[in-house]
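What follows is a short report on a single structure.
Just so it is clear: chains get the letters A, B, ... in the order the sequence lines come, proteins before strands, and each one is counted from 1.
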Amino acid sequence: MIIADVVVTDVRIVAEGTRTLTFVSPEIALSTLPGQFVNIRVHAGSDPLLRRPFSVSRVDGNHVEILFNIVGAGTDILAKKKPGDMINVLGPLGVPYGIKGEFKNALLVAGGLGVAPMAILTEHLKALGKHVDTFLGARSALHLIVDHLENIHVATDDGSKGFHGNAVRLIQEYLKEHPIKEVKIFACGPTRMLKALSAFAISAGLECEISLEGEMACGIGICQGCPVERVGGQKKYALVCTEGPAFHCQDIILQDS
Amino acid sequence: MIIADVVVTDVRIVAEGTRTLTFVSPEIALSTLPGQFVNIRVHAGSDPLLRRPFSVSRVDGNHVEILFNIVGAGTDILAKKKPGDMINVLGPLGVPYGIKGEFKNALLVAGGLGVAPMAILTEHLKALGKHVDTFLGARSALHLIVDHLENIHVATDDGSKGFHGNAVRLIQEYLKEHPIKEVKIFACGPTRMLKALSAFAISAGLECEISLEGEMACGIGICQGCPVERVGGQKKYALVCTEGPAFHCQDIILQDS
Amino acid sequence: MKNGFSIRGVDFQNRVFVASGTFGYGDEVKHLVDLNKLGGIFTKSLSWKPRDGNPPRRIVETASGMLNSIGLANIGVHTFIEKRLPFLRTLKTRIIANIAASSIREYGDVLSLLDEQEGVDGYEINVSCPNVKEGGLSFGTDCAMTAKITAELRSKTSRPLIIKLTPNVTHIAEFAKAVKGEGADAVSVINTVIGMAIDVKSRKPKLSTVTGGLSGPAIKPIALAKVFEVAQSVDIPIFGIGGITRMEDAVEFLMAGAVAVQVGTANFVDPATGTTIAEALESYGRQQKLNDIGELVGSLIVDKKSSVLQSWM
Amino acid sequence: MKNGFSIRGVDFQNRVFVASGTFGYGDEVKHLVDLNKLGGIFTKSLSWKPRDGNPPRRIVETASGMLNSIGLANIGVHTFIEKRLPFLRTLKTRIIANIAASSIREYGDVLSLLDEQEGVDGYEINVSCPNVKEGGLSFGTDCAMTAKITAELRSKTSRPLIIKLTPNVTHIAEFAKAVKGEGADAVSVINTVIGMAIDVKSRKPKLSTVTGGLSGPAIKPIALAKVFEVAQSVDIPIFGIGGITRMEDAVEFLMAGAVAVQVGTANFVDPATGTTIAEALESYGRQQKLNDIGELVGSLIVDKKSSVLQSWM
Ligand SMILES: Cc1cc2nc3c(=O)[nH]c(=O)nc-3n(C[C@H](O)[C@H](O)[C@H](O)COP(=O)(O)OP(=O)(O)OC[C@H]3O[C@@H](n4cnc5c(N)ncnc54)[C@H](O)[C@@H]3O)c2cc1C
Ligand SMILES: Cc1cc2nc3c(=O)[nH]c(=O)nc-3n(C[C@H](O)[C@H](O)[C@H](O)COP(=O)(O)OP(=O)(O)OC[C@H]3O[C@@H](n4cnc5c(N)ncnc54)[C@H](O)[C@@H]3O)c2cc1C
Ligand SMILES: Cc1cc2nc3c(=O)[nH]c(=O)nc-3n(C[C@H](O)[C@H](O)[C@H](O)COP(=O)(O)O)c2cc1C
Ligand SMILES: Cc1cc2nc3c(=O)[nH]c(=O)nc-3n(C[C@H](O)[C@H](O)[C@H](O)COP(=O)(O)O)c2cc1C
Ligand code: FES
Ligand code: FES
């Protein structure tokens with residue numbers, strides 16, 4: 001984990017409303033594992049005040065890439081960065097997805113920008129010899145991001161491409177038709193999707209890790225600001241930033257939001 | 001007086017640390033008189049919160065130019081504007097210099113960025129057939145801004161160009177050697193300079209208008225935030241934004257700052 | 001859809017007002033703003049005699065806010081009546097005269113004089129003023145004194161009487177309760193928060209009066225909590241004030257329990273903020289399919305569990 | 001140049017500390033920050049038993065600030081002693097244990113247990129906690145109660161006892177006076193300011209507890225005014241806290257009368273803020289040719305006239 005000013009090398013639009021931002025950091029590039037995130041200070045000013053967390057979406061040499069939509073002041077400032085601008089980055093942070101298990105078939109499920117960690121995850125899974133299938137849900141064909149992914153199955157809300165519906169329904173349909181074994185699901189996306197997927201995975205007895213989002217003040221465990229309710233155990237809450245963002249779906253209770 | 005989003009057409013460095021910013025506004029270009037200012041909202045965010053006041057330095061067709069140094073968050077944001085960016089401008093504001101008097105010889109005295117209103121002032125004075133001499137004080141030769149000015153006499157703090165000293169001393173020396181009549185002085189610059197110049201002008205019996213700076217919240221007379229002490233009269237204070245920024249030097253009492 | 005509301009029989013055409021001291025006497029900005037689109041204008045505080053106000057420096061920008069120490073510079077109630085009221089009378093919006101004073105008697109005198117004038121639709125009482133009799137301690141931090149001013153003024157007018165509360169107290173709801181008890185028709189929540197800034201170079205306070213009043217977006221969370229506190233414990237109409245710059249801010253205040261809002265500091269950035277919000281609020285109401293913007297007032301959904309959660313900090 | 005100072009015989013190597021609840025127990029950031037460069041670490045509030053804290057959502061960003069409603073989630077004093085104190089003991093900086101409790105008795109129990117441990121250099125008492133006996137009303141807004149806690153704890157320890165005051169009261173100086181009277185060695189000024197934010201879409205409060213504590217640059221002017229108020233009327237060492245992000249902010253607090261400062265929210269943006277400020281403050285002192293950074297404390301030059309200026313708002 002480092003904290004450093006880094007140089008932005010590229011900001012580009014990759015799908016309707018979605019951008020990638022690439023920066024140079026040998027340390028972060030070298031040490032990031034799939035599912036980990038970086039906490040970015042978008043400017044030196046005091047409003048917006050806090051850092052913004054983003055999953056590392058891909059690593060290429062010394063270059064680290066994140067994927068984002070403009071949803072507020074912080075991402076708006078990020079979108080305006082130009083090659084050569086500096087940003088301050090803290091990372092890599094958080095507990096990565098568990099990719100070293102016994103399973104053979106990795107099923108990646110991403111809703112919307114939940115696709116962010118899937119490229120780096122795919123790369124690491126393949127390096128371990130896992131077979132990867134990817135189930136992408138997007139609002140429409142224009143919102144799809146498919147770069148560096150494997151065996152892509154698409155669902156769109158408006159039916160403009162692939163399955164007309166969401167990614168959870170898509171993977172359910174898929175597994176009905178392809179009863180594969182030694183499976184592990186890796187998911188990221190809106191809470192509602194993760195809830196539905198968790199319910200399915202638990203009922204189907206499938207191993208499933210989900211990556212959570214949640215407001216964070218620090219990203220490093222010093223503010224206690226990012227609790228998620230745990231199942232059983234002594235402690236009622238886990239911290240998303242240091243005990244997640246990747247959790248086994250049966251270990252936590254997702255709130256309605 | 002209008003309030004409008006306008007397009008920036010140019011930002012450039014014109015001297016050590018000093019930039020001009022040019023924007024397009026037919027209304028402001030048409031109606032601005034010398035000594036008036038515009039109040040600029042440098043971004044849409046809430047920090048920095050308030051507008052920033054700048055003298056109009058020149059008008060060229062529909063184009064309006066201001067001159068500034070980076071001294072804080074607001075000017076830092078302005079300096080980063082690119083052609084095509086929008087800013088929100090309120091203006092023109094304030095009471096202009098009185099240029100229509102009987103005098104024949106206009107003596108312009110500017111210290112540092114006090115040179116800002118001198119180009120537009122020169123243009124208007126010349127249109128009225130006045131003879132213009134300009135006394136510029138700057139930190140060094142590198143800090144001098146001389147564009148669109150007439151009959152320039154230079155003083156620098158470090159003696160790197162012209163008279164070694166300040167603009168007030170320079171004009172005093174000049175008037176000793178050139179006892180011209182029907183004179184009016186127009187000045188802008190740091191408070192300390194304006195104080196010294198006012199003392200000189202009053203003792204020498206010369207008509208003299210000075211343009212003041214002072215923190216402003218609104219620039220349009222609704223906050224009462226910008227008082228300057230008046231000499232005599234019923235009201236103790238005048239508002240710099242609506243009763244100035246140009247004042248006859250004998251009408252106000254400058255505070256030490 | 002219904003936009004307006006009324007207090008003590010006086011109708012207001014919508015729920016977005018401009019706050020005292022942040023809009024002059026209205027005429028300063030008449031070329032920039034369609035004043036008739038406002039719910040009403042709260043005038044700069046008026047005292048019996050004109051007041052010069054405090055020496056410079058009066059204004060300091062702070063993080064997402066500003067400090068002011070204007071010292072209630074104002075033209076005095078007589079000049080107001082003679083020079084400013086005639087213009088204000090021509091407007092199709094409500095005029096609430098804000099009154100400041102250094103004694104209970106002065107409050108009464110200013111109000112009584114205004115009460116003889118047409119075109120003044122009500123009063124807002126600025127109690128964040130030093131009580132000369134008590135060595136300059138603020139009336140507004142003394143609950144009994146605030147109640148006493150209210151009682152005194154209530155006896156002098158049948159027009160709407162709004163008491164503007166200061167946030168610089170431990171339990172603002174007690175003050176609201178007290179002034180309601182004395183017949184106030186509404187409260188304005190909040191005036192500025194005491195603050196201070198230092199110029200490190202000169203080692204001097206930035207404001208000539210050392211401390212001043214903090215306003216702007218920085219205080220919005222504080223103001224909202226104060227409005228909520230009052231709304232939860234006292235049944236009195238509340239004008240919500242503090243850091244409002246956008247329509248969504250206004251909606252937050254309404255949901256927390258304000259019947260209307262006042263826009264303050266944002267006027268310095270754009271004097272049309274109030275009218276912009278008024279229009280946006282109307283569109284929002286239509287889009288939400290409301291019959292009355294008033295349906296938003298106090299509409300905050302508070303989970304029962306939250307009230308038993310311990311508010312450790 | 002002298003950097004340090006002492007309270008009740010305990011030396012602190014410099015005047016820049018990290019605030020309770022904003023730095024964990026120190027070890028979370030040991031790879032990012034040279035902890036030995038701090039004047040000291042105020043731990044997260046410790047209660048007798050571990051506390052889960054409040055349900056999400058606990059954090060809301062606001063204009064130049066943030067609201068929190070952590071609910072004092074902490075590992076409890078026993079686990080602290082067992083698991084965290086050993087690491088903290090190895091540091092060359094001072095450790096002040098911050099204590100939170102829901103009864104006077106709990107405060108005493110936690111303090112007494114800590115008082116048996118080596119490596120705890122003093123106590124900061126968080127009185128912004130709900131008093132269970134009084135139906136959850138905060139201890140810290142009740143002056144007599146705050147004094148009582150102080151007296152009780154004073155009798156139990158000879159280590160430095162620092163009372164952390166809440167800004168959510170009318171006259172904070174009265175609280176400082178009261179705790180000084182009961183033997184407190186210092187006060188910390190300020191804890192967070194009560195605030196609130198609403199999610200307009202869902203019509204719900206953003207925080208699970210409805211209201212929370214506002215911190216960050218937005219509150220700096222408020223904190224500075226509170227420090228100044230205490231410094232003007234009570235002769236007691238003050239730890240200045242609130243919105244400090246830069247060396248200049250720290251200097252403002254010292255000039256206003258704080259003997260030292262605590263960096264809070266800024267740690268979330270950069271946990272090295274405290275050490276950066278400590279270093280910058282030392283350079284500043286040298287550049288100003290001070291013999292002792294302490295020369296800055298209370299060095300504000302206040303024009304005599306300002307004190308008679310009326311603070312109308
Ligand atoms: C572990 C983690 C990984 C993430 N990865 C990505 C990613 O790869 N791509 C991406 O686009 N977004 C990601 N997010 C969400 C992203 O952090 C927010 O979209 C972003 O902070 C919004 O900032 P803003 O200023 O534009 O929006 P605003 O709404 O103005 O932000 C206001 C505040 O709310 C917080 N916030 C707003 N939305 C979210 C959210 N969805 N999750 C957490 N905090 C939020 C912000 O951090 C900020 O503190 C991730 C969040 C977490 C916690
Ligand atoms: C009538 C008038 C005309 C001006 N004309 C020019 C000009 O032509 N060129 C130019 O460079 N500057 C001019 N100034 C000063 C200019 O407004 C400030 O330099 C600018 O506001 C600084 O903003 P900042 O955010 O960069 O600095 P910061 O120091 O961060 O600003 C903080 C606050 O202080 C105020 N402030 C800071 N310095 C000054 C100052 N010198 N005068 C008034 N307010 C100040 C800002 O407006 C802001 O509210 C003028 C000021 C006035 C009142
Ligand atoms: C410069 C300035 C002057 C003010 N003058 C007055 C006043 O004369 N009377 C009054 O009751 N409130 C006055 N206020 C307080 C505002 O009406 C309002 O209550 C406060 O600023 C909070 O709202 P805001 O954050 O929207 O500004 C003034 C505020 C400012 C910033
Ligand atoms: C997330 C968070 C948690 C906090 N937890 C505690 C705490 O446990 N005990 C305490 O006394 N103060 C706590 N505080 C208050 C801070 O110590 C500090 O007094 C306050 O945040 C103001 O300083 P700042 O503006 O620099 O953050 C907490 C503040 C924040 C933001
Ligand atoms: S974000 Fe601060 S503890 Fe997780
Ligand atoms: S700046 Fe507001 S009155 Fe002059």
Side-chain angles (χ1 to χ4, degrees), chain B residues 1-5 27 31 39-53 72-74 87-93 191 212-230 233-244 252-257, chain C residues 18-19 21-33 44-45 50-75 79 199 201-202 204 206-208 212 215-218 220 243 245-246 249 264-272:
Chain B
M1 187 202 308
I2 61 151
I3 185 165
D5 290 325
E27 298 89 342
S31 58
N39 215 357
I40 299 184
R41 187 167 187 192
V42 299
H43 68 163
S46 75
D47 188 59
L49 179 64
L50 301 171
R51 288 176 184 269
R52 298 296 190 256
I87 53 177
N88 187 281
V89 178
L90 169 61
L93 304 174
T191 305
L212 302 187
E213 290 188 5
E215 292 72 22
M216 292 182 171
C218 72
I220 53 176
I222 60 175
C223 78
Q224 303 283 328
C226 60
V228 58
E229 201 170 337
R230 300 170 75 249
Q234 282 206 309
K235 278 170 50 191
K236 183 158 181 203
Y237 298 109
L239 294 180
V240 173
C241 72
T242 50
E243 301 173 64
I252 54 168
I253 302 170
L254 291 173
Q255 270 210 328
D256 295 301
S257 62
Chain C
V18 286
T22 67
F23 209 70
Y25 302 99
D27 51 354
E28 294 90 338
V29 294
K30 64 185 173 209
H31 301 300
L32 293 171
V33 185
K44 175 76 194 164
S45 278
R51 289 180 51 86
D52 289 325
N54 292 327
R57 180 174 175 184
R58 292 184 181 173
I59 293 282
V60 176
E61 202 181 35
T62 64
S64 295
M66 62 176 277
L67 288 165
N68 88 79
S69 157
I70 305 298
L72 293 180
N74 81 90
I75 57 177
T79 308
D199 180 45
K201 268 200 194 152
S202 67
K204 288 185 184 166
K206 285 189 176 170
L207 292 173
S208 66
S215 65
K220 196 188 85 175
T245 67
R246 308 174 305 158
D249 298 334
T265 298
N267 289 311
F268 304 151
V269 181
D270 185 349

Atom group of C:T245 that falls short of 4.5 Å from chain B, counting heavy atoms: neither
B:I3 versus C:P271, closest heavy-atom pair with distance: CD1-CD, 4.1 Å
Most chain C-contacting option - heavy-atom pairs closer than 4.5 Å, from B:G221, B:C223, B:G219, B:C226: B:C223
Interface moiety of B:R230 toward chain C, non-hydrogen atoms closer than 4.5 Å: neither
Closest heavy-atom pair and its distance - C:R58, B:P227: NE-CG, 3.3 Å
Proximity breakdown for B:L50 and chain C, heavy-atom pairs closer than 4.5 Å: both
Residue part contacting chain B, namely of C:V29, when any heavy atom lies under 4.5 Å: side chain
Close side-chain approach of C:R57 to B:E215, heavy-atom, < 4.5 Å: yes
Side chain to side chain, C:L32 and B:I220, heavy atoms closer than 4.5 Å: yes
C:A73 to B:Q224 - nearest heavy-atom pair and separation: CB-OE1, 3.8 Å
Taking every non-hydrogen atom, the tightest pair across C:T22 and B:I222: O-CD1, 3.5 Å
B:A217 to C:I59 - nearest heavy-atom pair and separation: CB-CD1, 3.8 Å
Pairs of heavy atoms under 4.5 Å with chain B: top-ranked of C:G65, C:P56, C:G24: C:P56
Closest non-hydrogen atom pair, B:Y237 against C:G53: CE1-O, 3.7 Å
Straight-line distance of C:D270 CG to B:L90 CG, nearest 0.5 Å: 8.5 Å
Segment of B:K235 engaging chain C (4.5 angstrom heavy-atom cut-off): backbone
Inter-residue atom distance B:R52.CZ - C:E61.CD, 0.5 Å rounding: 4.0 Å
Portion of C:S202 that has a non-hydrogen atom of chain B nearer than 4.5 angstrom: neither
